[in-house]
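A short write-up of the structure that comes next.
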Amino acid sequence: MQALQKQPETSARYAKAIEVSKRVRWDIERDVIRGRKFDFGKKFLPDGLSKIGRLDFLGADEKRLVSQIQGRTYANMFGLVERFIAPKVSEISRGHWLGDQTAFEALVRFTDEELKHQELFRRLERMTAADMPAGYAFLPQPNVVASAVLSKSTWAVLALICHIELFVLAHYREAIEPDADLSELWKDVFTFHAREESQHAILDEIEWQQEDARLTPAQRDTAVGDLIDLVAAVDGILQTQAAADTDYFVRVCGRVFDKAQVKALGEALLAAYRWQYIVSGVQDERFQKVLGGMVTEAQMKRIGAALAPILG
Ligand SMILES: [Fe+2]
Ligand SMILES: [Fe+2]
């Protein structure tokens, strides 16, 4: 009975997602890039996300370069996660094939948007590569990461996706939108991206809750373990990329740093990446509320214990 009462309301949320998706739909060239290039006289990633204020041995130009390197990695990270988001959303759309056609359409649009976002982020990488010194490397291999993620339970993958799409919105709202000193094109990319991501976050929440309702307590307990494994895997990626980006900065920055400074840089980048891709998402109020509504107190403690070393 309860399920029957919930149905029209859920269907209306899918319909709303379609309506907004149609209204905000943008084109990579016509709306976002518009023949422009990145302004390297300005920052890419805002201070609120890059956390480089604490590195007082860096000059203003050097801080700007760190922000640009982090901004380049930020775009590549989204291209990476979208490699598993698009197929997962396409896969779960199967549950609606012969059912709610509105839900099916909403998830098809969602998938299509993530394919477009990946194209946008590949385009940005080519643009930044042409204008920055050689030697930058984004190390994670999208298909390797995606196949490892997709081997986990749907509940855990949807939890990870929901977390990602909620932090996209939080980053935009709290750090990107209020910063007036960013490269105009870089800021526009993440403004347009956030507009389409708003609908994704709503759909993630619905689909994750529906998946949750299908699980037995034992299956959910296994899924919590999968989520912990996924967060550990994300952290492994962040450690590798923070080291690669530190190395790139030191090589192209044009002056010599002592060992302690290189170490401080590496630690600052890892702390920034952990904030960007893990901490800001798990601390998001909306995420906490949805997750808290599904797991037991003991499971929440397990998740908390796994996160403790990352939260530092
Ligand atoms: Fe996206
Ligand atoms: Fe998305």
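Since this is a predicted model, take the numbers as computed values, not measurements. First listed ligand is number 1; within each ligand, the first listed atom is number 1.
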Check your understanding: Relative to the Fe ion (ligand 2), which of the N, O or S atoms in Glu165 is the closest?
Key -> OE2
Point to revise | Atom of His200 closest to the Fe ion (ligand 2), considering N, O or S atoms | key: ND1
Exercise for review: Just to the nearest 10 degrees, tell me the angle at the Fe ion (ligand 1) spanned by Glu82 OE2 and Glu197 OE2.
Suggested key: 150°
Review point. Rounded to 10°, how many degrees is the angle OE1/Glu114-the Fe ion (ligand 1)-ND1/His117?
Key: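 About 80° at the Fe ion (ligand 1).
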Under a 4.0 Å threshold between the charged nitrogen and the carboxylate oxygen, would [Y] count as salt-bridged to [X]?
X      : Y      : answer
Glu267 : Lys263 : yes
Glu9   : Arg13  : no
Asp39  : Lys187 : no

Exercise for review: Establish, yes or no, whether the cationic atom of Lys51 lies under 6.0 Å from the six-membered ring centre of Trp275 and within 45° of the ring axis.
Suggested key: yes
